[in-house]
Amino acid sequence: MSERPKSLFEKVWEAHEVGKLSDGRSQLFIGTHLIHEVTSPQAFGMLRDLGLPVRFPQRTFATVDHIVPTDEGEEPYSDRLADAMIKELRKNCEENGIEFFDVHSGKQGIVHIIGPEQGITQPGTTIACGDSHTSTHGAFGAIAFGIGTSQVRDVLATQTIAMNKLKVRRINVDGELAEGVYAKDVILHIIRTLGVNGGIGYAYEYGGEVFDRFSQEERMTVCNMSIEGGARCGYVNPDETTFEYLKGRPYAPKDWEAAVERWRAVASDPGCHYDDVVHIRAEDIAPTVTWGINPGQAIFIDQDVPRPEDLPEKDRATAEEALAHMGLEPGEPIRGTKIDVAFLGSCTNSRLSDLQEAAKYLKGRKVAPGVHAICVPGSQITARIAEQQGIDQIFRDAGFEWRGAGCSMCLAMNPDKLQGRQLCASSSNRNFKGRQGSATGRTVLMSPLMVVAAAVTGEITDARELFEIGDEKVA
Amino acid sequence: MPALEPIPFVRGTAVPYMGDDVDTDRIIPARYMKCVTFDDLGEFAFYDERKNEDGSDREHVLNDPRYAGATLLLAGANFGCGSSREHAPQSLYRFGYRGVIAESFAEIFFGNSITLGMPCFAMDRPPLEELAALVRENPALELELDVDRVEVRAGDRVFPAHLPDSARTSLLEGRWDPIAELLEHNAEVDAVADRLTYV
Ligand code: SF4
């Protein structure tokens with residue numbers, strides 16, 4: 001090959017660029033379009049107003065996740081607005097010939113869980129969805145990003161959007177993660193290091209020894225939160241782990257060998273240009289929790305809540321606001337902070353491996369008195385497999401509620417909400433004020449294992465000590 | 001496709017909201033996103049900032065009568081981060097805002113706002129703080145966001161701002177909503193679709 005080495009981002013962009021628009025942006029072809037009930041009905045409405053058809057209906061896939069109740073199986077749902085939104089999506093899909101993973105299909109779930117699960121998410125593709133966590137799909141070597149509703153309209157009408165090309169930042173995580181340190185800790189650490197707006201204008205390419213060893217599901221957890229670091233998308237180059245995961249899935253390519261060959265070729269070439277390169281040592285990462293109101297306000301579990309005066313000046317005002325909202329004492333340990341709710345779920349951490357790992361340690365233990373604990377599998381298929389493995393029983397025996405698939409308390413558009421100032425240990429991705437359904441509610445983000453540890457002790461806890469993981473065990 | 005008006009400037013009074021990392025959950029709380037059109041979103045803009053849990057008004061700059069009627073919003077760094085929900089700029093627009101000046105913007109929010117024809121100017125922190133101080137001194141001060149020159153005029157003061165060329169061009173030429181142009185290239189779109197090996 002005499003051609004100059006290229007990154008995956010560049011190759012995928014070039015393959016999907018239709019041309020330049022008069023304002024200088026690119027017209028980018030969206031190979032795979034995912035939709036859900038909250039950000040698509042307005043787009044279908046705009047399309048109807050303009051009298052435009054859906055141009056490539058076979059390239060759009062739909063599901064319901066955000067508002068679906070997780071404790072109510074039958075329609076009509078008691079929330080009339082939610083019920084209307086689901087019916088609207090169903091109607092839009094029927095009228096336009098769009099594949100819909102409906103609530104009774106046995107395949108419904110959070111859109112970012114079911115894309116990979118069905119094998120719809122593939123390397124070398126462009127994927128868009130009216131949801132910022134579309135970055136999750138980058139774990140397969142796809143360029144995947146969230147779009148607004150007007151762009152959902154654009155994709156439905158033209159299969160393209162107008163977009164400026166992104167720069168690429170390579171993030172290497174080398175070395176070995178200590179036991180009890182998870183993909184969630186890696187991405188919280190990356191966001192804390194580079195800042196919640198450090199990624200603006202960038203696609204993040206994650207690599208290095210830690211990512212080489214990561215399972216496909218762990219890669220998804222990291223890519224999921226790229227947007228919390230300001231990066232529109234994040235990806236991992238496809239490799240054997242990726243191919244192994246996709247093989248045999250319903251939408252996986254039939255010409256398998258040829259597909260794998262193409263996928264190998266789409267990975268970043270050695271020596272390609274990156275606009276920025278960052279190195280992080282795996283050994284530096286410990287279990288991480290947030291103390292504030294954005295995902296970058298995070299500390300290791302054994303650190304103290306920061307004092308605003310010790311932070312860089314530009315971060316102080318937000319820190320003051322965060323501390324006031326969270327009711328945490330600067331200079332005090334975060335460990336031991338009482339929790340009211342434990343939420344295990346969301347597109348960050350509700351896949352089978354998350355549930356398995358949590359259940360392994362939860363087995364035989366009980367949720368602390370006074371703690372409301374819920375486990376919400378990311379998809380109906382995940383739930384079914386977990387149930388076959390007896391995982392649901394472990395959660396139930398411990399005192400967790402075992403729910404139906406959906407976004408649930410990640411954003412509380414259904415009945416799963418915090419009340420008043422409740423504090424929630426959450427495996428989700430956002431700790432914004434009001435995110436979990438109460439304007440004064442409080443969220444502490446952490447890995448699934450740390451959620452389970454908090455549920456069992458009733459307070460924010462170092463899971464490694466509680467469950468005797470790592471050095472503790474050896475000693 | 002209905003033709004769009006060019007937007008060479010927006011003028012109005014401003015409210016100095018100013019916080020950093022204001023996320024779209026704060027601009028429009030998720031519980032108000034249960035809607036199949038954007039039409040009624042205006043009243044829920046910044047709802048939890050403006051209102052107590054019982055629905056009464058909180059003490060907040062957005063409720064300050066001195067800034068009543070402001071059509072421009074001044075904010076800090078990373079404005080509009082978080083969710084991709086277009087409900088956020090839609091609710092601001094329907095609340096009455098026609099432009100935002102901030103230290104920086106999250107990307108999806110920025111794109112969504114331009115597509116609505118709501119210019120978002122970025123400004124370095126020192127001039128931004130100066131501008132906010134002028135507004136606090138004189139809430140009736142009329143600002144002009146000059147899209148062509150990418151600057152903000154306030155009385156006899158001129159503040160340099162930042163706006164990507166693509167956004168500037170599309171606002172000036174009345175192509176801030178790109179759908180018409182996207183629809184023009186059917187043949188090229190088909191060519192790309194045919195070339196792709198998936199779906
Ligand atoms: S789980 Fe949370 S972050 Fe993920 S798609 Fe649902 S609401 Fe969004």
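Chain letters run A, B, ... following the sequence lines, proteins first and then strands; every chain starts at 1.
- For a heavy-atom cut-off of 4.5 Å, chain A lies close to B/L183, B/H185, B/N186, B/E188, B/V189, B/D190, B/V192, B/A193, B/R195, B/L196, B/T197, B/Y198, B/V199 in residues 183-199 of chain B.
- Between B/R85 and A/L411, some side-chain heavy-atom pair lies under the 4.5 Å cut-off.
- Contacts of A/H66 with chain B are absent, with no heavy-atom separation under 4.5 Å from either backbone or side chain.
- For a residue to count as touching a neighbouring chain, one of its non-hydrogen atoms must lie under 4.5 Å from one of that chain's; by this rule A/I227 touches chain B with the side chain only.
- For chain B, the nearby part of A/F29 is the side chain; its heavy atoms alone come within less than 4.5 Å.
- A distance-only check finds a donor-acceptor pair linking the side chain of B/E107 to the backbone of A/G201 [under 3.5 Å].
- Proximity of A/Q297 to B/D21: side-chain heavy atoms (C-beta onward) are nowhere separated by under 4.5 Å.
- Sequence neighbours left out, the pairs with a member in residues 88-100 of chain B that pass salt bridge (Lys or Arg N to Asp or Glu O under 4.0 Å) are B/D39-B/R94.
- The choice from A/Q58, A/R25, A/R430, A/K314 that makes the most heavy-atom pairs within less than 4.5 Å of chain B is A/R430.
- Looking only at side-chain heavy atoms (C-beta outward), A/R232 and B/I108 come within less than 4.5 Å of each other.
- For A/L166, the part lying near chain B is the side chain, with the backbone staying farther off; criterion is any non-hydrogen pair under 4.5 Å.
- Considering only heavy atoms from C-beta on, A/Q27 comes within 4.5 Å of B/L182 through its side chain.
- Between the side chains of A/Q151 and B/T115, no donor N or O sits under 3.5 Å from an acceptor N or O.
- Salt-bridge formation is not detected for the pair B/R125/A/E313: no Lys NZ or Arg NE/NH1/NH2 atom is positioned less than 4.0 Å from an Asp or Glu carboxylate oxygen.
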Evaluate A/D79 against B/K34 for salt bridge (Lys or Arg N to Asp or Glu O under 4.0 Å), listing each step before the verdict. CA-CA 10 Å; A/D79 178 345; B/K34 284 185 199 156; 2.5 Å; yes

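- Contact between A/I200 and B/A106 at its shortest, heavy atoms only, is CD1-CA, 4.3 Å.
- Annotation: maximal heavy-atom pairing with chain B below 4.5 Å, among A/F44, A/F56, A/F145, occurs at A/F56.
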